[in-house]
Enquirer: 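Take this structure first; my questions come after.
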Amino acid sequence: MSNRNTTTPDHAAASAKFLLDQERANWHDQALWFIRQKRDVTARQIPDWEQLRNAASQIKQNVLANLDDYLIQFEKKALENGIKVHWAADGAEHNRIVLDIIQKHGVQKLVKSKSMLTEECHLNDFLTSNGIDVVDTDLGERIVQLAKEPPSHIVLPSIHKRKEEVGEIFHQHLGTEKGASDPAYLTESARQHLREKFLTADLAITGVNFAIAETGGLVVCTNEGNADMGVHLAKVHIACMGIEKIIPKAEHLGVFLRLLARSATGQPITTYSSHFHKPRAGQEMHLVLVDNGRSTQLGRPHFYNSLKCIRCGACINTCPVYRRSGGHSYHNTIAGPIGAILAPNADMRKNADLPFASTLCGSCTNVCPVKIDIHNQLYQWRQVLVQEGHVPKSKAQGMKVMANVLSNPRLYRVAGKSGRLMMRMMPGLANNKALNPWAKQREMPQPPKESFRDWYLKNRSEK
Amino acid sequence: MKVGLFIPCYIDQFYPQVAIATLQLLEKLGVEVAYPLQQTCCGQPMANSGFASLAKGCDALFTRNFSGYDYIVSPSGSCVLHVKEHLYAAGNEAAATHIRNNIFELSEFLTDVLQVTELEARFPHKVGFHISCHGQRGLHLAQMSELVAEDFSKPGYLLRLVKDIELVELNRKDECCGFGGTFCVSEEAVSVKMGQDRVADHQLNGAEYITGGDVSCLMHLEGILRRKNSPVKVIHMAEILNSSYE
Ligand code: SF4
């Protein structure tokens, strides 16, 4: 058993804090629910939606089963296309490779379009500490970057910030008017600010949504066109991807592009799907393929399925717990249900609370465009975390007592009777808010005089 | 047809009226029902907390109690789903398999096995139906808002057979109530907030009663309603379907 003294202090405590501001919490819930509903509407415009999910899931199944072959095929094609290919075992190696390229070109200023992988590797911090100025060019990402916070959502990085707060951040960093909160004004100010960054940057970093094994090319999806802008203006392009981003053929792209935007924001398609196959004349193009725990997850039979994820965020938007606890409560780069099944792979001890931050309602599984059985994996992680000793001793002992009582009918009846009696005679104790988390904001059930079994014996058995 | 009545531990202890209504309803529909006296709990509280390894005793007991019935019926979708998905009994696997394949939540038993087309019930109130996630997404008792498919609802069909009932539409028809087993205490703040939002949806749409097929959800919602001194009451679906038999 570990020394952790509680299972869920982190997520539970952080959520309780998030919920102190009920107005913000309600707004957060409603904003995300609005997107979830938009997703429902656009999904229903495709009569074959469920078949499309099946197709996507099976394509990814094939990829995961043959990942090594596809990666080799992809690398070969990419090299033929003139792309310089790098492999990184973990985040640190990824960061060093990126820094190396930057230093070789003597670059001081660079722009980055949104990439959850570079977040996962903490690239910004690493580059900043090496004297490199990184500018995130996705609007939401730029907002949290200026606020010195991590994104709270993989698609909507600053969804936890209200427009008044954005106005204040922009006032401090971009010199907008104090008190301004008009989204059009703020967006225009950010555009001007970012335009200057695009024009002066020598190097652009992008993520990768899909890498095509057959062609050695890659596709980046953005709504703001910022990946395009960055790459087209810079002399060097570095694309960073997790090794699971592969799809076998260009013909498979259609399946994923139809699913991605609809699942993410309820749009029929992302505004920009940029295809990069080779460096343009005079440009250098690098690709970093990162493992960082993915092959470990691939080797976990119950969990490898999670590598199908295309990072649409639909499971996050639909999750009733996420909507009411905010992304930062998950203390992991990827929040919400998918984060909760990916995070323990990286560090079981640190993330042992996350698989418990769910009611197992299953809504995530239903919206997932690649049909990851998220809620079953949450259940399975709980079993693994218990077996590996990452739950508090007190909980394990309590469970043992409970299991003992519940597998012994006579003990169960005695305990039930005394339990009900206690509750009837001392409702004050059962309702003690400090000792009983149930009763803090809820009444206890009112105990009846007799159990059903007692009633049954009197009313049926004796007849 | 011999039916074994499975009454989960917390219904036995805290909500006997739900068990009584279930029994009476099945009897009125001509079913031969027996309640195995040595039953306790399906083991779900341990399993969902990660301690499936400690649920073996419950599994063995459950299998002993319920082998020998054609069907097992219970007024709790969540427990039924647990048994269906996770009941294993070393040394008695044939019996456990039979149970997994023949256990039914009350409303699916009524619609799919008994195929009832009429009920003598009457319940002249405005009622909101809270579908439990395990019942809906686990047992597929109703169409799920996330999926692109035809609409249907087994509990909804049954409730519409009740005279003078007025079912209210909810804004979020299948949002989780936040109970979630041990989640309701380990994540107290989120659990309560989810429950409060769920209650608010029913109130906004004018429900006098909140009903459902899972006492666990209802217990949680009831606790929130009573803390707020709300006049809205909770009632299990079995009590409504049985309401004219009292
Ligand atoms: S797990 Fe599924 S729903 Fe969630 S982000 Fe990944 S692809 Fe989207």
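Note that these values count all heavy atoms, side chains included, but never hydrogens, waters or copies made by symmetry. We name chains A, B, ... by the order of the sequence lines, and we start the count at 1 in each one.
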Enquirer: Looking at Gln196(B), Lys228(B), Gln136(B), Met219(B), which has the largest count of heavy-atom pairs under 4.5 Å with chain A?
Expert: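 Of Gln196(B), Lys228(B), Gln136(B), Met219(B), Met219(B) has the most heavy-atom pairs under 4.5 Å with chain A.
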
Enquirer: Closer than 4.0 angstrom, basic N to acidic O: yes or no for Glu50(A) and Lys371(A)?
Expert: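 Salt bridge between Glu50(A) and Lys371(A), a charged N being under 4.0 Å from a carboxylate O: no.
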
Enquirer: Given that the side chain runs from C-beta out, which part of Ala60(B) has a heavy atom under 4.5 Å from chain A: side chain, backbone, both or neither?
Expert: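 Neither part.
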
Enquirer: Quick check on Gln17(B) against chain A: is it the side chain, the backbone, both or neither that has a heavy atom closer than 4.5 Å?
Expert: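 Looking at Gln17(B), nothing touches chain A.
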
Enquirer: What I'd like to find out is whether the side chain of Tyr412(A) reaches to under 4.5 Å of the side chain of Cys9(B), using heavy atoms alone.
Expert: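 They are in side-chain contact.
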
Enquirer: Using non-hydrogen atoms and a 4.5 Å limit, figure out which bit of Lys400(A) sits close to chain B: side chain, backbone, both or neither.
Expert: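 Looking at Lys400(A), backbone and side chain both touch chain B.
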
Enquirer: Taking the basic N atoms (NZ, or NE/NH1/NH2) and the acidic carboxylate oxygens, is any pair closer than 4.0 Å for Glu175(B) and Arg36(A)?
Expert: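 No.
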
Enquirer: Name the member of Gly57(B), Cys184(B), Gly43(B), Gly178(B) that forms the most heavy-atom pairs with chain A at distances under 4.5 Å.
Expert: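 Maximum pair count with chain A is reached by Cys184(B).
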
Enquirer: With side chains defined as the heavy atoms from C-beta onward, is the minimum distance between Asp12(B) and Gln39(B) less than 4.5 Å?
Expert: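 Heavy-atom side-chain distance check fails, nothing below 4.5 Å.
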
Enquirer: When the aromatic ring centroids of His28(A) and Tyr322(A) are compared, is their separation below 6.0 Å?
Expert: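 Here the rings of Tyr322(A) and His28(A) have centres that are less than 6.0 Å from each other.
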
Enquirer: Which one wins on heavy-atom pair count under 4.5 Å against chain B: Arg323(A), Arg382(A), Gln383(A)?
Expert: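 Highest number of pairs under 4.5 Å: Gln383(A).
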
Enquirer: Between Leu147(B) and chain A, which part of the residue has a heavy atom less than 4.5 Å away: side chain, backbone, both or neither?
Expert: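 Both the backbone and the side chain of Leu147(B) come within 4.5 Å of chain A.
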
Enquirer: Heavy-atom pairs under 4.5 Å with chain B - which of His375(A), Arg39(A), Arg324(A) has more of them than the others?
Expert: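 Highest number of heavy-atom pairs under 4.5 Å: Arg324(A).
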
Enquirer: Please flag which part of Glu450(A) lies under 4.5 Å from any non-hydrogen atom of chain B: side chain, backbone, both or neither.
Expert: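 Answer is backbone: N, CA, C or O of Glu450(A) sit under 4.5 Å from chain B.
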
Enquirer: Can you tell which of Asn48(B), Ile7(B), Thr182(B) has the highest number of heavy-atom pairs within less than 4.5 Å of chain A?
Expert: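 If we count pairs closer than 4.5 Å to chain A, Asn48(B) comes out on top.
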
Enquirer: Which bit of Leu19(A) is near chain B, if near means a heavy-atom gap under 4.5 Å: side chain, backbone, both or neither?
Expert: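 Just its side chain gets close to chain B.
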
Enquirer: Chain B: which of Leu360(A), Leu378(A), Asp48(A), Val384(A) shares the most heavy-atom pairs with it under 4.5 Å?
Expert: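 Among the listed options, the one with the most contacts to chain B is Leu360(A).
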
Enquirer: Would you say that Phe6(B) contacts Ile99(B) through its side chain, given a criterion of any heavy-atom pair below 4.5 Å between the two side chains?
Expert: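 No, their side chains stay 4.5 Å or more apart.
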
Enquirer: Identify which of Ala34(B), Gly195(B), Ser145(B) forms the greatest number of heavy-atom pairs closer than 4.5 Å to chain A.
Expert: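 The option with the most such pairs is Ser145(B).
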
Enquirer: Mind ranking Val190(B), Val18(B), Asp59(B), Leu37(B) by heavy-atom pairs under 4.5 Å with chain A and telling me who comes out on top?
Expert: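 The option with the most such pairs is Leu37(B).
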
Enquirer: Need one label for Ser329(A): side chain, backbone, both or neither, based on atoms under 4.5 Å from any heavy atom in chain B.
Expert: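 Neither part.
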
Enquirer: Side chain, backbone, both or neither: which part of Leu225(B) has a non-hydrogen atom closer than 4.5 Å to chain A?
Expert: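 For Leu225(B), neither part sits under 4.5 Å from chain A.
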
Enquirer: Tell me, side chain or backbone of Asp29(A) under 4.5 Å from chain B's heavy atoms, or both, or neither?
Expert: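 Answer is both: backbone and side chain atoms of Asp29(A) are under 4.5 Å from chain B.
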
Enquirer: For the pair Asp454(A) and Lys449(A), find out whether any cationic side-chain nitrogen is under 4.0 Å from an anionic carboxylate oxygen.
Expert: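 Result for this pair is no, no salt bridge flagged.
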
Enquirer: Is any side-chain heavy atom of Cys319(A) closer than 4.5 Å to one of Cys364(A)?
Expert: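 The answer is no; the side chains never approach within 4.5 Å.
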
Enquirer: Taking NZ, NE, NH1 and NH2 as the nitrogens, is one of them in Asp201(B) or Arg198(B) under 4.0 Å from a carboxylate oxygen of the other?
Expert: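 Yes.
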
Enquirer: For the interface with chain B, which of Gly362(A), Ser358(A), Ser15(A) has the highest count of heavy-atom pairs at distances below 4.5 Å?
Expert: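 Winner by heavy-atom pair count: Ser358(A).
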
Enquirer: Counting only heavy atoms from other residues, nucleotides and ligands, does the tally under 6.0 Å from NZ of Lys56(B) exceed 12?
Expert: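 Counting other residues, nucleotides and ligands, NZ of Lys56(B) stays at 12 neighbours or fewer.
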
Enquirer: Is Leu221(B) in contact with chain A via its backbone, its side chain, both, or neither, using a 4.5 Å heavy-atom distance?
Expert: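 Looking at Leu221(B), nothing touches chain A.
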
Enquirer: Pick from Arg410(A), Arg413(A), Gln387(A), Gln37(A): which one has the most heavy-atom pairs with chain B under 4.5 Å?
Expert: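 Top option by heavy-atom pairs under 4.5 Å: Arg413(A).
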
Enquirer: What part of Leu61(B) is in contact with chain A, defined as an atom under 4.5 angstrom from a non-hydrogen atom: side chain, backbone, both or neither?
Expert: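 The answer is the side chain of Leu61(B).
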
Enquirer: For chain B, which candidate among Gln446(A), Gln380(A), Met402(A), Lys417(A) shows the most heavy-atom pairs at distances under 4.5 Å?
Expert: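 Heavy-atom pairs under 4.5 Å are most numerous for Gln446(A).
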
Enquirer: Please flag which part of Trp49(A) lies under 4.5 Å from any non-hydrogen atom of chain B: side chain, backbone, both or neither.
Expert: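 Side chain only.
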
Enquirer: Would you tell me whether Ser78(B) and Ser132(B) have side-chain atoms, one donor and one acceptor, within less than 3.5 Å of each other?
Expert: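 No - no donor-acceptor pair under 3.5 Å links their side chains.
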
Enquirer: Can a salt bridge be assigned to the pair Asp197(B) and Arg172(B) using a cut-off of 4.0 Å between side-chain N and carboxylate O?
Expert: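 Not counted as a salt bridge, because no side-chain N and carboxylate O are separated by less than 4.0 Å.
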
Enquirer: Taking Gly181(B), Pro16(B), Ala149(B), Gly180(B) one by one, which has the highest count of heavy-atom pairs under 4.5 Å against chain A?
Expert: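 Option with the top pair count is Pro16(B).
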
Enquirer: Stepwise, does the side-chain contact (heavy atoms from CB on, under 4.5 Å) test hold for Tyr69(B) with Val3(B)?
Expert: CA-CA 6 Å; Tyr69(B) 291 98; Val3(B) 168; 5.7 Å; no

Enquirer: What part of Ala19(B) lies closer than 4.5 angstrom to a heavy atom of chain A: side chain, backbone, both or neither?
Expert: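 Backbone plus side chain of Ala19(B), per the 4.5 Å heavy-atom cut-off to chain A.
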
Enquirer: Under a 4.0 Å threshold between the charged nitrogen and the carboxylate oxygen, would Glu32(B) count as salt-bridged to Lys2(B)?
Expert: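 Salt bridge absent between Lys2(B) and Glu32(B).
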
Enquirer: Any non-hydrogen side-chain atom of Ile316(A) less than 4.5 Å from a side-chain atom of Tyr330(A)?
Expert: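 Side-chain contact under 4.5 Å: no.
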
